[in-house]
Asks: 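To start, I am sharing the structure in question, which I have written as structure tokens.
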There are 2 protein chains.
Amino acid sequence: MSRTTVSNAYNRPDQLSPELRRRVLDTARRLGYPGPDPVARSLRTRKAGAVGLLLTENLSYAFRDPAALGFLEGLALACEGAGQGLHLVPVNPEREDVAAVHRAGVDGFVVYSVPDDDPHLAAVLSRPVPTVVADQPIVDGVDRVGIDDRAAITRLAQHLITLGHRRVGVVCMRLARDRNDGFAAVDRQEAAHFHVQRARLAGIADAFGPAGVEWARIPVVERFDHTTASGASAAGQLLDSDPGLTAIIATSDILALGAITEARRRGLRVPQDLTVTGFDGIPEGERIGLTTVRQPVLEKGRAAGRLLLGTPDPTRPREVTLDTELVQGTTASTPRTTEERWFGP
Amino acid sequence: MSRTTVSNAYNRPDQLSPELRRRVLDTARRLGYPGPDPVARSLRTRKAGAVGLLLTENLSYAFRDPAALGFLEGLALACEGAGQGLHLVPVNPEREDVAAVHRAGVDGFVVYSVPDDDPHLAAVLSRPVPTVVADQPIVDGVDRVGIDDRAAITRLAQHLITLGHRRVGVVCMRLARDRNDGFAAVDRQEAAHFHVQRARLAGIADAFGPAGVEWARIPVVERFDHTTASGASAAGQLLDSDPGLTAIIATSDILALGAITEARRRGLRVPQDLTVTGFDGIPEGERIGLTTVRQPVLEKGRAAGRLLLGTPDPTRPREVTLDTELVQGTTASTPRTTEERWFGP
DNA sequence: GTGAAAGCGCTAACAC
DNA sequence: GTGTTAGCGCTTTCAC
């Protein structure tokens, strides 16, 4: 019996008689043949049946960050729908070991929110497979799915301005691959390797400039780790340097939740004594009524998957920009005057 | 120049002069050669550099269930440490499509909590690669990592007995692949295809039997979907059938959280009017002080990864049983008499 | 330090 | 409906 027949028995039942097919499969089992080797098949068919996912952080971080999780879920949904596996590329952000990217047997990559200068991203782009970037960075000629971070946060900031806030501080996520837990001056902001953070800061500036508040005078505190603890300590740093702040704008909900915790610890009521806002729209934020910008993270993941798995390449790189929504929660209100803070309304 | 030299340039820098290596790599880049094809390399080296993960549920479900998430994180950690990718196998529980298992180019599988008769599990076991099962099922000759579900929940039940509970109801997860949202009689319990649920029910029986409560008289309500909504409706079903219940034992924290919601909705205070317990030790349960059994989910994932990636095979299948801990939270207390419930203490 | 040759296991043309 | 042949792209002895 020839190899073709056996191959057909497994892959194209319609090419041979059911009886023969049955016989082949039975014999195979009896002989202990485990079925076609997937790797050899992939080599031959030039299809791995899997999508690679690259994240900056440790893989395990993705399982803790609600926004990343939502993205992951959407992407998994898309992969599932297309019968594609999801191959999480093991990346150790400490060691710049790009080998894992080269070793991944996948038909394409989704890159989720990495810095402009990420060596792993460079490795992905050097591979001859389609790639979709989610959020950041923006790379010429590469498909991308994201939101308009700048415009979205501008609306949020304008909301605060309308409420009367002028003396605000900002807490943001890491701006580059090097750790800088502290104030971030304008030059560092502008040199940021994370487009999303850059855009969000710029968006805040867009709102406050016209309101007569010079951006350079708005304190911005950066944190490398994206945790509520970071948000808390950053808020503390802001309030230490200027107790007169009436609002803290965080560039993520996680940071905002930490900021609220810190405010409460200091006896400040939110929002009566201090307004705090976030960005993302994660479930826990929603639960406490966080004022924030909601972005459709699940839809983002799904869109990334669809972009990658859909029609190969209609000539031009595609760009999907999803809508966001301003969530006017209960953590923002009109600011109190300093007098009110000390003596009551 | 020969293929060997090029291959060496990529894989064994020590086999040729740095100068030559550099020249090779430069030329490659100039010619647009993207580096060795990972699939071809895998075929040749017989190593895919990835671990397959099989889950019963939709992939996306894993990203919603906190216990599964903890497991995933631990497993990802182990893979990361070993430089292995994590290949999530796309499984549609509706269609019994086993092909994805056969298509996955992986060096081994981790199977997380699937029923005894799962066809995907059978497909995994038919492949000539090492496999580790987490939680369930128990398969002869296959490595496994889990906990002693039976003993763990027995301790919890004994705690309730000590508090004085005798009239209790149980809410459990699905017992088989078919949907049965309702009471589960003893025969269905014993025929359950999910070993973990079977063991937990048996563990409760172990405690109540000696206390003089016949197991067959303890109502058990089953739910197919593992959600808080399921827990709520199941608790409702129990309370409807016997308003005199003093405690509801849920076999997972998720279900317990739902049960608490339902109790409150009915004006029952927890624990004063109704004791509710869970199982797992998820963060949200901890936050509200849920009385439960905590199991080390992250450690479980890590152990599964280590088992799979560690020393190949020391002759016998290995079994890792992790410790659990009874968490005496604030959702269990001494039961009120019926009179107290209506007329106050 | 370098090259020639073999073959990993499979599928897809193509002829029968 | 079945068999023959030719590679997919790579790594790895082994001889030079």
Side-chain angles (χ1 to χ4, degrees), chain A residues 1-29 31-50 52 83 85 87 98-108 123 126-130, chain B residues 1-50 52 83 85 87 98-108 123 126-129:
Chain A
M1 171 169 313
S2 85
R3 303 161 64 155
T4 308
T5 310
V6 178
S7 179
N8 280 339
Y10 280 98
N11 302 321
R12 359 204 24 193
D14 52 315
Q15 294 296 302
L16 31 63
S17 64
E19 197 271 322
L20 175 60
R21 174 175 143 88
R22 175 168 207 73
R23 229 179 60 213
V24 171
L25 263 40
D26 280 356
T27 312
R29 194 163 322 139
L31 263 46
Y33 174 72
D37 180 297
V39 174
R41 169 189 276 160
S42 288
L43 175 59
R44 185 61 237 244
T45 60
R46 315 265 48 191
K47 250 147 202 38
H87 179 118
V98 162
V101 172
H102 287 121
R103 241 195 308 263
V106 297
D107 300 323
S126 81
R127 294 217 13 203
V129 292
Chain B
M1 173 169 311
S2 81
R3 305 160 64 155
T4 311
T5 311
V6 178
S7 177
N8 280 338
Y10 279 99
N11 303 319
R12 356 201 30 194
D14 51 314
Q15 295 295 303
L16 32 62
S17 65
E19 198 270 322
L20 175 59
R21 173 175 144 89
R22 174 169 207 74
R23 228 179 59 214
V24 172
L25 263 40
D26 279 357
T27 311
R29 193 164 322 141
R30 195 159 43 70
L31 263 46
Y33 174 73
D37 180 295
V39 175
R41 169 189 276 161
S42 288
L43 176 59
R44 185 62 236 243
T45 60
R46 315 267 49 193
K47 249 146 202 39
H87 179 117
V98 163
V101 172
H102 288 122
R103 241 195 308 264
V106 297
D107 300 323
S126 80
R127 292 209 23 195
V129 294

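Every heavy atom of this structure was used, including side-chain atoms; hydrogens, water molecules and symmetry mates were not. None of the values given here were measured: they were computed from a predicted structure. Residue numbers begin at 1 in each chain, while the letters A, B, ... track the order of the sequences.
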Asks: Give the rounded distance in Å between these two atoms: CD of Q15(A) and C1' of dT2(D).
Replies: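 Answer to the nearest Å: 10 Å.
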Asks: Report which part of the nucleic acid Y33(A) touches: base, sugar-phosphate, or nothing (heavy-atom distance under 4.0 Å, all strands).
Replies: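 Y33(A): backbone/sugar contact only, no base atoms under 4.0 Å.
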Asks: Which atom pair, heavy atoms only, marks the closest approach of T5(B) to L20(B)?
Replies: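 Scanning both residues completely, I find the closest heavy atoms to be CG2-CD2, 3.9 Å.
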Asks: Could you tell me how far apart R44(B) (CZ) and dG9(C) (P) are, to the nearest whole angstrom?
Replies: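 Nearest whole value for this atom pair: 10 Å.
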Asks: For the side chain of T45(B), counting heavy atoms from C-beta on, which of dA12(C), dT2(D), dT12(D) is nearest?
Replies: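 Of all the options, the side chain of T45(B) is nearest to dT12(D).
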Asks: Is it the case that the base of dA12(C) and the side chain of T4(A) share a donor-acceptor contact (distance under 3.5 Å, atom types as modelled)?
Replies: yes
Asks: Out of dC8(D), dT11(C), dT2(C), which has the shortest distance to the side chain of T5(B)?
Replies: dT2(C)
Asks: Check whether any side-chain N or O of R103(B) sits under 3.5 Å from a backbone N or O of G85(A) as a donor-acceptor pair, and report yes or no.
Replies: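 Not confirmed, R103(B) side chain does not pair with G85(A) backbone.
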Asks: For N11(A), answer base if it contacts any base atom (sugar-phosphate contacts may also be present), sugar-phosphate if it contacts only those atoms, and nothing otherwise; contact means non-hydrogen atoms under 4.0 Å.
Replies: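 The residue N11(A) makes sugar-phosphate contact but no base contact.
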Asks: Kindly point out which of dT12(D), dT2(C), dA12(C) is positioned nearest to the side chain of L20(B)?
Replies: dT2(C)
Asks: Measure CG/L43(B) against P/dG7(D) and give the value in whole Å, please.
Replies: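 My rounded result for the distance is 17 Å.
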Asks: Return the value, rounded to whole Å, for the distance between atom CG of N8(B) and atom C1' of dC14(D).
Replies: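 Those two atoms, CG and C1', are 13 Å apart.
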